[in-house]
Amino acid sequence: MSAPLSRPGRERHDQEAPTPGRSGLAATALLAVAAASLCVVGCRNLAEQRAVRRFGDALSEESLAALSDATTDNFRGKALEHETALEDLRLLRLPKEELEVVAVTDVPEEEWTSPDAPECLVIVETPPPTRRARFKLVRAEAGNWLVDDVLLKQTKGGVKAVMSVTEQLELLAAVRGFTKAWGSGTHEERLAVVTPELREDLSALPQTRLAELAGWVVDADRVDKLTPKTQMDDDEAAVQFAGRGYTLLVSLEKRGDAWLVKDAAAENRGLGPKIPSLERTCLALTGVSKFLTAYENGDREGLESTVFPTLYNGCLRTADLSSVSLPTAADLDGDSTFQIHGDRAEVVVTTDAGVYTLSLTDPNRYDADRRTGEFLVEEVTIRSGDGEQRMLSAIFTARAAVAAFAAAASEGDLHALKAASTRDLSETVWSRIEPADLDALPLADAAAGADGKVLTEMHAGPTTEITIETPAGPRTFVLKEERGASKVDDVLAPSLDLPESFKETCALILPARAFAGSLAKGDLPGLNRTSSAAFNRLVWHQLRSVPAAVSAAGKRLDAPLAKATPLTKGEGARCELHYGTPTDGVALHLVREKGRLVVDDVELVSGVHPDARVALKQAIREQMADGSLMIADSFAPSPVPQAGAQPMSPAPAPSGVRTVGYETTAEAEATDGPPSAAEIVRDRVRLAHFNEPAPPQSAEAAEPPPAFEPPRAVAPLPTSVAPAKGSDGGAAAPFGEPLPIGGE
């Protein structure tokens, strides 16, 4: 009841000392309830404080019995029932001394693990340097609080995460179980601690091989002395043991309530091979075992599933497997080694017959899903006791490839020649020629190998050389392995005048043939493409069209190639091709420019005397200089006089339409006496090559001079049209003072 209100204007004097009444009794009751509540809260904090400190004291004493009394059944089952429980608890560095409760939070009833066991979260702190931990407590039936888990906050790489102590202890226990089983356990114990997928792969290996593999992965004498480092992420974890010369990395995955090993990697220097992946190593060894078993039994279907498609379709599908012996699957348990390099593997098996290297590859190595569950055999390399090295694909396909190439050469089948040749031979020769032009190539040597007798067969890795006896002499077919099959890369034939290599010979013939075809047809753009820069600049770029007499010279290049000088490598390399006989033929000069061979000059040959060779480049330049050959309108510079000589008068321009060719001038018709011996030889050369009448031998019967006739008195040449003789870098023989022939 409230006090009565004072009247207005009256002062209340009893307000400072109110009389006890019913209102005072209510206040006293409220204070009592508050005091009781504080007592209950304080007692509860004390109970949780005692539970936390009891757990910390047990950790300090390293007493399993005390830890069992302070924890729930869940904690004991996950963390304390392993031999290394105390050691693993030490690794976690849990706070254990002078723990003070700073906050308590009740867990909502609907989140309790058991409906009859209340739960709460307690945050504790240690003295400075301050560490915090969160304890999960569960009230036991007796009413006291027990530790059910400890949650620690960890920061790594800038990422913060809360780790459960029971889960970490459970993970460490699983890793200890793996190292124990693989270090000294039985075959069944090794398979029991891995995932079902890895167990299936390991079960395919012989027990002896698995035991050997386990010894390389887990070094039992060292792993227990190393401190594990763990990383957890939901249901996946990785644990590493690292020491001097030994590293073990175990990858685990939680399946249900248990951690199982998904993969492992190990490197133990000096005590075994490096194992980058236990799973991949197992797949490689299993793939080799299945391949050798299928090969031994002649199981084509089994071979198709264990080798690369290129090896099977190009070789093993039709091969006589009994003609080449390979190790058996049982030999893998003997002297054998292996190496794994990501998506590639190599298994080496040594027997009394030789050393066999099996190369394997993951067929889906470029897929996003790296685990494909298989390795396929890509090649088998055999090294015999005498050092000879052969490849299985080359052994089975080499002779068949030679027969196919020889048959295609004899029939002139360009498509079949491409199919039987390597990519390099096809790009160098077959892709640059039409079927009608095959007769221009020296295919007789290749065609002769169809029915010849095999003299020798040599293997060196992917290269095979088969020498066959032919009517023209021995011919060696060089084969290389491409896409699981042998392909002909070259044919070697001994020769004094031509390159020994068929490929090199064709590389010379093809640019010469392209030039000859353009020359015979008078195709000026074609000559531009097949001639050197100097030949174009000094000759072809200055002509309106190809003179008829020059085109006639191109027809003489249809003869077979008789001789070729060696061609060196590198830019600017030169060689000479000779067609016809040494005394009656054509010499073609080739030069390498910008990586390809082009023609730099042509010489007409009619005898062994130096003056019996007429250089096409020099002769055309002389005709353009004396005006007897019309040049393009864009090349008509004024003559440049020189000291001591009269300037050369340009030839008068013809009226009307005029055929481009060799024409005479008034100055050229005059003769100053009998010709010299050198002029007589040159006249014979021109007569032999162009079927033109010889020039008159006296001034009485003067006729127009033949093609390429140099003027009697050489006037100074305009430097912009024709530089001095020999200064253009051409390969033609110089025209100097001729030597007399036949004596005087």
Side-chain angles (χ1 to χ4, degrees), residues 515 518-519 522 524 527-528 530-554 574 586-591 593 598-605 610-642 645 647-651 653 660-665 667-668 678-679 682-683 685-686 689-690 692 704-738:
F515 174 85
S518 298
L519 189 64
L524 196 58
L527 291 172
N528 295 152
T530 57
S531 300
S532 66
F535 208 171
N536 275 313
R537 184 182 71 255
L538 299 176
V539 177
W540 306 128
H541 288 173
Q542 302 190 41
L543 295 177
R544 294 180 181 178
S545 62
V546 181
V550 175
S551 297
R574 293 179 173 273
V586 179
L588 209 63
H589 296 267
L590 300 181
V591 62
E593 289 185 354
V598 291
V599 176
D600 189 57
D601 204 353
V602 181
E603 284 188 310
L604 309 176
V605 181
D611 283 320
R613 299 170 71 98
V614 176
L616 185 64
K617 184 194 303 183
Q618 184 71 15
I620 295 178
R621 288 169 56 197
E622 290 177 355
Q623 295 292 333
M624 288 189 297
D626 65 15
S628 60
L629 179 63
M630 289 187 63
I631 62 176
D633 294 338
S634 58
F635 289 87
S638 301
V640 179
Q642 296 182 3
M648 182 178 65
S649 301
V660 177
Y662 294 92
E663 302 174 11
T664 60
T665 60
E667 292 82 1
E679 292 170 348
R682 280 196 288 267
D683 291 342
V685 173
R686 298 185 186 95
H689 288 287
F690 298 107
E692 297 180 1
F708 304 123
E709 176 66 20
R712 294 295 179 265
V714 180
L717 302 179
T719 56
S720 60
V721 176
K725 298 177 182 178
S727 64
D728 63 320
F735 283 86
E737 181 65 26

Minimal non-hydrogen separation, S532 against D600, with atom names | OG-OD1, 2.5 Å
Write down the atom of M624, the atom of L538, and the distance for their closest heavy-atom approach.
-> CE-O, 3.5 Å
Name all residues meeting the side chain to side chain donor-acceptor pair (under 3.5 Å) criterion together with T530; count only those two or more places apart in sequence or in a different chain, and write none if there are none.
-> none
For I620 and Q542, what are the C-alpha separation, side-chain angles and deciding distance, and is it a side chain to side chain contact (heavy atoms under 4.5 Å, CB included)?
-> CA-CA 10 Å; I620 295 178; Q542 302 190 41; over 6 Å; no
If you look at every heavy atom in A615 and D601, which pair is closest and at what distance?
-> CB-OD2, 3.8 Å
Correct closest heavy-atom pair for F535 and L616 would be CZ-CD2, 4.3 Å
Do any N or O atoms from the side chain of E593 and from the backbone of V598 form a donor-acceptor pair under 3.5 angstrom?
-> no
Of all heavy-atom pairs between E603 and H589, which one has the smallest distance, and what is that distance?
-> OE1-NE2, 3.1 Å
With a 4.5 Å heavy-atom cut-off, do V602 and V586 have their side chains touching?
-> yes
Partners of S518 by side chain to side chain contact (heavy atoms under 4.5 Å, CB included), sequence neighbours excluded?
-> D523, L527
